[in-house]
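A short worksheet on the structure shown next.
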Amino acid sequence: MTKTILITGATDGIGREAAMRLAADGHTLLLHGRDEAKLADLRERLRSRPGGAALSTYVADLSRLADVAALAEAVLLEHDHLDVLINNAGVFKVADATTPKGHDVRFVVNTVAPYLLTRRLLPVLGAGSRIVNLSSAAQAPVDLQALERGGALAAMEAYAQSKLAITMWSRHLADELGDAGPVVVAVNPGSLLATRMVKEGFGVEGNDIGIGADVLVRAASSGEFADATGRYFDNDARRFADPHPDALDPALNRALGEVLDRMIDEVG
């Protein structure tokens, strides 16, 4: 059965490759990107394929939470149901690591933006839907003060904290929504894949990008993930596994959720 699937960060890396594969399977795609030219190129590539993909495109800078809110509003205006939301977009090493409001951009893009987008789209994500959040093997305890109030963090420190944070709120949201809500799953797509982020961040070519795209396609469409709400899939181990211990602590997850709620409440 074909699905309606929103993918953030669809113009590069595993997001782009997953979009190509999902389009080939006949799914209706809602594709987000920050770069309008790259998004237009992807749209034309998909539409020029035999059969053509049914798709919509959306431009938004996820480091700006007002853009995230506008993205959610645009999707809600055009769609009354989503089968899958893939929060794929992420950043690691960047030229300017601080947003105008003083927050670390890794936290904003990798953690807060997908939380805001997911919260705003919950009205069209029912019990049969799925939310797939991109985590990482790199996970480190979250400094809630640095998340909420800003502060200087090294690139890897901020990235690893942001990826544990999205893993934590995935479990927290799954617990909150229960069986009446969509499946919420966090996925480590694989370490050091051949993405631009890995090349720029580590100076290596990386492993086959298809490793990550494959698990995103499976998470979006296969029965393997149908009952996986609140769980963490480690694609390095090729199985569901325990995340960092902090993500298994309901009190820590709840505290993180309270910080994120305050941050997105400021968006209006």
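We use all heavy atoms of the structure for the numbers below, so side chains are in, but hydrogens, waters and symmetry mates are not. Sequential numbering from 1 along the given sequence is applied to the chain's residues. Because the structure is predicted, anything quoted here is derived from the model rather than measured.
The number of heavy-atom neighbours closer than 6.0 Å to CD of Glu224, taken from other residues, nucleotides and ligands shown, is above 12. Other residues, nucleotides and ligands contribute more than 12 heavy atoms inside 6.0 Å of the CD atom of Glu176. Within 6.0 Å of CZ in Arg119 there are more than 12 heavy atoms belonging to other residues, nucleotides or ligands.
Here the closest heavy-atom approach between residue Ser63 and residue Asp61 is recorded as OG-OD1, 2.7 Å. For the residue pair Lys93 and Ala155, the shortest heavy atom distance occurs at CG-CB, 4.0 Å. Residues Asp35 and Ala37 approach most closely at OD1-N, 2.9 Å, considering heavy atoms. Leu117 and Thr8 get closest at one heavy-atom pair: CD2-CG2, 3.7 Å. Nearest heavy-atom pair, Thr2 versus Gly26, reported as atom, atom and distance to 0.1 Å: CG2-O, 3.4 Å. Closest of all the heavy-atom pairs between Ala72 and Arg120 is CB-CB, 3.5 Å.
Taking CZ of Phe225 as the start and CZ of Arg130 as the end, the distance is 8.5 Å to the nearest 0.5 Å. Rounded to the nearest 0.5 Å, atoms CG (Leu122) and CG (Leu177) are 6.0 Å apart. Atoms CG and CZ, on Leu147 and Arg262 in that order, are 9.5 Å from each other to the nearest 0.5 Å. One finds the CG atom of Leu71 at 7.0 Å from the CG atom of Leu62 (value rounded to the nearest 0.5 Å). The OG1 atom of Thr229 lies 10.5 Å from the CZ atom of Arg231; values are rounded to the nearest 0.5 Å. Here the CZ atom belonging to Arg47 is positioned 10.5 Å from the CG atom belonging to Leu42, to the nearest 0.5 angstrom.
Contact annotation: the side chain of Lys163 approaches that of Leu134 to within less than 4.5 Å [non-hydrogen atoms, C-beta and beyond]. Contact check for Arg254 versus His172: side-chain heavy atoms found under the 4.5 Å cut-off. Looking at heavy atoms from C-beta onward, Val59 lies in side-chain contact with Leu39 at the 4.5 angstrom threshold. Looking at Leu31 and Leu46, their side chains come closer than 4.5 Å, going by heavy atoms from C-beta outward. Contact check for Leu65 versus Val112: side-chain heavy atoms found under the 4.5 Å cut-off. By the 4.5 Å heavy-atom criterion applied to side chains, Gln161 and Asp143 are counted as neighbours. The shortest distance between side-chain heavy atoms of Leu55 and Thr28 does not fall below 4.5 Å. You'll find the side chain of Thr111 stays beyond 4.5 Å of the side chain of Met263, heavy atoms only.
Residues meeting the side chain to side chain donor-acceptor pair (under 3.5 Å) test with Arg149, sequence neighbours left out: none.
Checked by atom type and distance alone, the side chain of His244 pairs as donor or acceptor with a backbone atom of Asp246 at under 3.5 Å. Asn110 places a side-chain N or O within donor-acceptor distance of the main-chain N or O of Val91, the cut-off being under 3.5 Å. Judged by distance alone, the side chain of Ser222 and the main-chain N or O of Arg218 form a donor-acceptor pair under 3.5 Å. Side-chain atoms of Asp83 come within 3.5 Å of backbone atoms of Thr4 as a donor-acceptor pair (strictly under, hydrogens ignored). Side-chain atoms of Asp234 never come within 3.5 Å of backbone atoms of Asp242 as a donor-acceptor pair (strictly under, hydrogens ignored). With His32 contributing its side chain and Thr57 its backbone, the two residues share no donor-acceptor pair below 3.5 Å. A donor-acceptor pair under 3.5 Å is formed between the side chain of His103 and the backbone N or O of Glu148.
Neither Val187 nor Tyr232 shares a network with the other; the hydrophobic side chains, linked directly or stepwise wherever heavy atoms of I, L, V, M, F, W or Y lie under 4.5 Å apart, form separate groups for each. Hydrophobic clustering, with ILVMFWY side chains joined whenever heavy atoms are under 4.5 angstrom apart, groups Val267 together with Leu76. Under the 4.5 Å side-chain heavy-atom criterion for Ile, Leu, Val, Met, Phe, Trp and Tyr, Val142 and Leu248 are members of distinct hydrophobic clusters.
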Report task. Take Arg106 and Ser162, measure what side chain to side chain donor-acceptor pair (under 3.5 Å) needs, and give me the verdict at the end. Result -> CA-CA 6 Å; Arg106 272 75 54 135; Ser162 74; over 6 Å; no
Query raised in the report: Passes side-chain contact (heavy atoms from CB on, under 4.5 Å), Val183 versus Ile131? Steps please.
Result: CA-CA 6 Å; Val183 167; Ile131 299 164; over 6 Å; no
Requested in this report: Take Leu216 and Val132 through the test side-chain contact (heavy atoms from CB on, under 4.5 Å) and record every step on the way to the result.
Outcome: CA-CA 8 Å; Leu216 290 193; Val132 180; 4.3 Å; yes
Requested in this report: Could you walk me through whether Lys3 and Ser129 pass side-chain contact (heavy atoms from CB on, under 4.5 Å), step by step?
Outcome: CA-CA 9 Å; Lys3 300 175 180 288; Ser129 300; over 6 Å; no
**Report entry** Test log, rule side-chain contact (heavy atoms from CB on, under 4.5 Å), inputs Leu82 and Val75
**Finding:** CA-CA 9 Å; Leu82 280 180; Val75 172; 4.2 Å; yes
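A donor-acceptor contact closer than 3.5 angstrom is absent between the side chains of Asp175 and Asn253. For the residue pair Ser221 / Asp25, no side-chain donor-acceptor distance below 3.5 Å is found, with atom types taken as modelled. Counted by atom type alone, Thr167 and Ser135 present one or more donor-acceptor pairs between their side chains at under 3.5 Å. In summary, the side chains of Arg16 and Thr11 do not present any donor paired with an acceptor at a separation below 3.5 Å, with no hydrogens or angles considered. A donor-acceptor contact under 3.5 angstrom links the side chains of Asn133 and Ser170, judged on distance only.
Salt bridge annotation for Glu17-Arg21: present, with a cationic side-chain nitrogen under 4.0 angstrom from a carboxylate oxygen. The existence of a salt bridge linking Lys38 and Asp41 is excluded, since no basic side-chain nitrogen approaches an acidic carboxylate oxygen closer than 4.0 Å.
Ring orientation note: the planes of Tyr115 and Trp169 are nearly perpendicular, at an angle over 60° on the 30°/60° scale.
Taking the centre of each ring, Phe107 and Tyr159 stay at or above the 6.0 Å mark.
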